[in-house]
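Mind looking over this structure? Questions follow.
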Amino acid sequence: MVSFDTKSYSKKLLHLISWSHWFTFFNILAAIALSSYYLFSETAPTTFFGQVYLITTWVSHIAFLTFMSFVLVLFPLTLILPHTRFIRASGAIIFAIGLLLLILDGFIYSRLGYHLSASSSGQIISLLQEIASQNSLFYTISGSLIIIIVGFEFIVSNYAWKHLKQLQKTVFARYVILALVVSFFFSHLSHIWADANLDYDILRQDTALPLSYPATAKTLLTKYGLFNIDDYIERKNSPLSFSHAIPNYPTLAPGLCPSENADKAPTNSTFLVLTEQQLSTTQLNQFIRRASASSLHLTNNIDTGLNDDAWFNLLYSLPSIYQQDILKQGIKPLLFQGIEQQQLATSLTVISDEFATNEAVTKAAVSDSLNGGSVASSIGDSEPRWFEALFSEKTTLENISSLLFAEKLTNKARGLHIIYFKNSHAIDANKQVKNNNQYQFELFVDALLLAQKQRKQKDIIWISSIGNENNDTRLNTKPALFIYPQTAKTTHTNVSFNTSNMDLQPTLIKQWLGCNVTGYSNGSHLPSLNKDRVIANTTDKGIIIFDKDKSVFVDQNGNFQSYSRQFSSPITVNPDFPLMIDGVHFIKRFTLQEKQ
């Protein structure tokens, strides 16, 4: 025997379920209409098959996400609490939140290139805060949009409830649903075929819609121009390279340096003290105590280069992927162009025990150098490295004994002076030799800092390691120290934000030369740095990307490997595509200069 209450409950429940189906159907149409924004954020497919796939995957994927919202949230809620007013209000709020998230995701995707996710929450919040601070109408527009979407949901909810019997008699919805189902299966079968045949016109669309990412990072790197689209299949095991020509390296226009007094060149010098041995925080703290000017202790400084790549990152402030093309152009770094305009000196002093084989030549080089002459010395039997040609004076020394005099350090010609402690690559090089080189490095820095106390006009000093002996240390941070004079009282700051050797050139251009130059660099002005950022560089095997908590290596086959920044050890996490996209944007910053 069935009671009257049971019949009433079943009838009300069926009525609510029928309403929720139509309510979801109208939200599917609304979601498809709003998500058309994604189509305009991407370049159109080049083939007819790709265009058909784009339409079918768009409508079916958005419809599927909307329907799953009903299945996972609204339908269970209807079974548990089948109260008419509660379910109708809850459904309106649930789908309003969904449509608002869809709009927000589309906006974020157009600006950052990736969708909403927990791993990208920091970058998304930072972007929204920046937009809100720059546009006073941000909150007004956002509030109006919320009111419109919520109002739409309640209107549709009320319409579907009042006209449910008429809607149940219609047949147009069946054809729409049939088209969505056919589109769903067609798009998935097409993607399976494209994945098997590496059809890039199909695969590159994998990131266009929310909750969808490619099976491998290789497709995503190709989409952003780091692999050749025309040879996608043939180049599946090739190293990274740009698929399009990079812009010409800029030349410094007259009148930009210095920005305030055109007739006044810097009255101090800049010393870059570099060593191939990684520095410790203890060493840098020792140097900080001896500093007589303001200092920035860069605790999370990044240098991923090997050999000459590290020098390119330092002097050109660009990732290594640009090195071959930029050096072929034969244009000096902007810093050296500014130095030439202001007629300042440049010198490179290389210190290594491998120069002990020709003591007489070394002594002659030292004598000429201290007397202000220009010396061109070959480094052993090896060919000169590309960056040596940038300097008007080049000196090689076996040790620092001739440099430890204050009058020599304080009376050098105004300009850029690099002292480079190079490891011995002799066959009999051993640990003792390396320790001796490190001891000389510390002794020279102490002498340089002590000599600064005698100068009224303090020099700018950068102290850091340069390069990596092998791949094992490329993911480690290499702390560095930047000492610079300023009009205010002497201060010391520990900079925990991500920094890199690529920050040095833009810092010197502004801080030392006073040039009004922006762009054409991947670095930032260190004293003005006030927020964390993603930093990336390329290697011959892939991309290394750093954020605040972890570093990620993406090899040329698109495989991810994440490492903890705190413990310097591998960690197992899902592929972080948003972080990789941020890294690609960082690497491509120079190629976008001509478009800005």
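Along the sequence shown, the residues carry numbers beginning at 1. Note that these values count all heavy atoms, side chains included, but never hydrogens, waters or copies made by symmetry. Remember, predicted model here, so these are calculated numbers, not experimental data.
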Q | Ring center gap for His297 and Phe482 short of 6.0 angstrom | A |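 They do not qualify: ring centres at least 6.0 Å apart.
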Q. How would you list all residue pairs meeting salt bridge (Lys or Arg N to Asp or Glu O under 4.0 Å) that involve residues 97-107, not counting sequence neighbours?
A.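 For residues 97-107: none.
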Q: Would you indicate whether the side-chain heavy atoms of Leu504 and Leu508 approach each other to under 4.5 Å?
A: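 Yes, at least one pair of side-chain atoms sits under 4.5 Å.
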Q | All pairs passing side-chain hydrogen bond (donor to acceptor under 3.5 Å, both in side chains) where residues 87-100 contributes a residue, at least two apart | A |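 Qualifying pairs: Arg88-Asn158.
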Q) Just by distance, with hydrogens left out, do Thr304 and Asn537 show a side-chain donor and acceptor under 3.5 Å apart? A)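 Per modelled atom types, Thr304 and Asn537 side chains form a pair under 3.5 Å.
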Q) Cut-off 3.5 Å, side chains only: do Trp462 and Ser464 have a donor facing an acceptor? A)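 Side chains of Trp462 and Ser464: pair found under 3.5 Å.
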Q. Looking just at side-chain N and O atoms, do His525 and Thr507 make a donor-acceptor pair shorter than 3.5 Å?
A.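 No - no donor-acceptor pair under 3.5 Å links their side chains.
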Q) Is Ser20 reaching over with its side chain to a backbone N or O of Leu16, donor-acceptor style, under 3.5 angstrom? A)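 At least one qualifying donor-acceptor pair exists.
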Q: Please identify each residue that fulfils ring pair (Phe, Tyr, Trp, His ring centres under 6.0 Å) with Phe312, with sequence neighbours left out.
A: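 Phe312: ring pair (Phe, Tyr, Trp, His ring centres under 6.0 Å) contacts with Tyr316.
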Q) With a 3.5 Å cut-off and no angle check, do the side chains of Ser317 and Asn522 form a donor-acceptor pair? A)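 No, because no side-chain N or O of Ser317 sits under 3.5 Å from a partner of the opposite role on Asn522.
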I'd like a table of donor-acceptor pairs (distance under 3.5 Å, sequence neighbours excluded) in which one partner is a side-chain atom from residues 135-144, with atom names and distances.
from	atom 1	to	atom 2	distance (Å)
Asn135	OD1	Leu137	N	2.9
Ser142	OG	Phe138	O	2.8
Ser144	OG	Thr140	O	2.9

**Q.** Counterpart residues, salt bridge (Lys or Arg N to Asp or Glu O under 4.0 Å), relative to Asp303 (two or more places apart)
**A.**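 Here no residue qualifies.
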**Q.** ring pair (Phe, Tyr, Trp, His ring centres under 6.0 Å) partners of His163, counting only residues at least two apart
**A.**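 Tyr159.
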Q | Tyr114 ring center within less than 6.0 Å of Tyr109 ring center | A |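 Here the rings of Tyr114 and Tyr109 have centres that are no less than 6.0 Å from each other.
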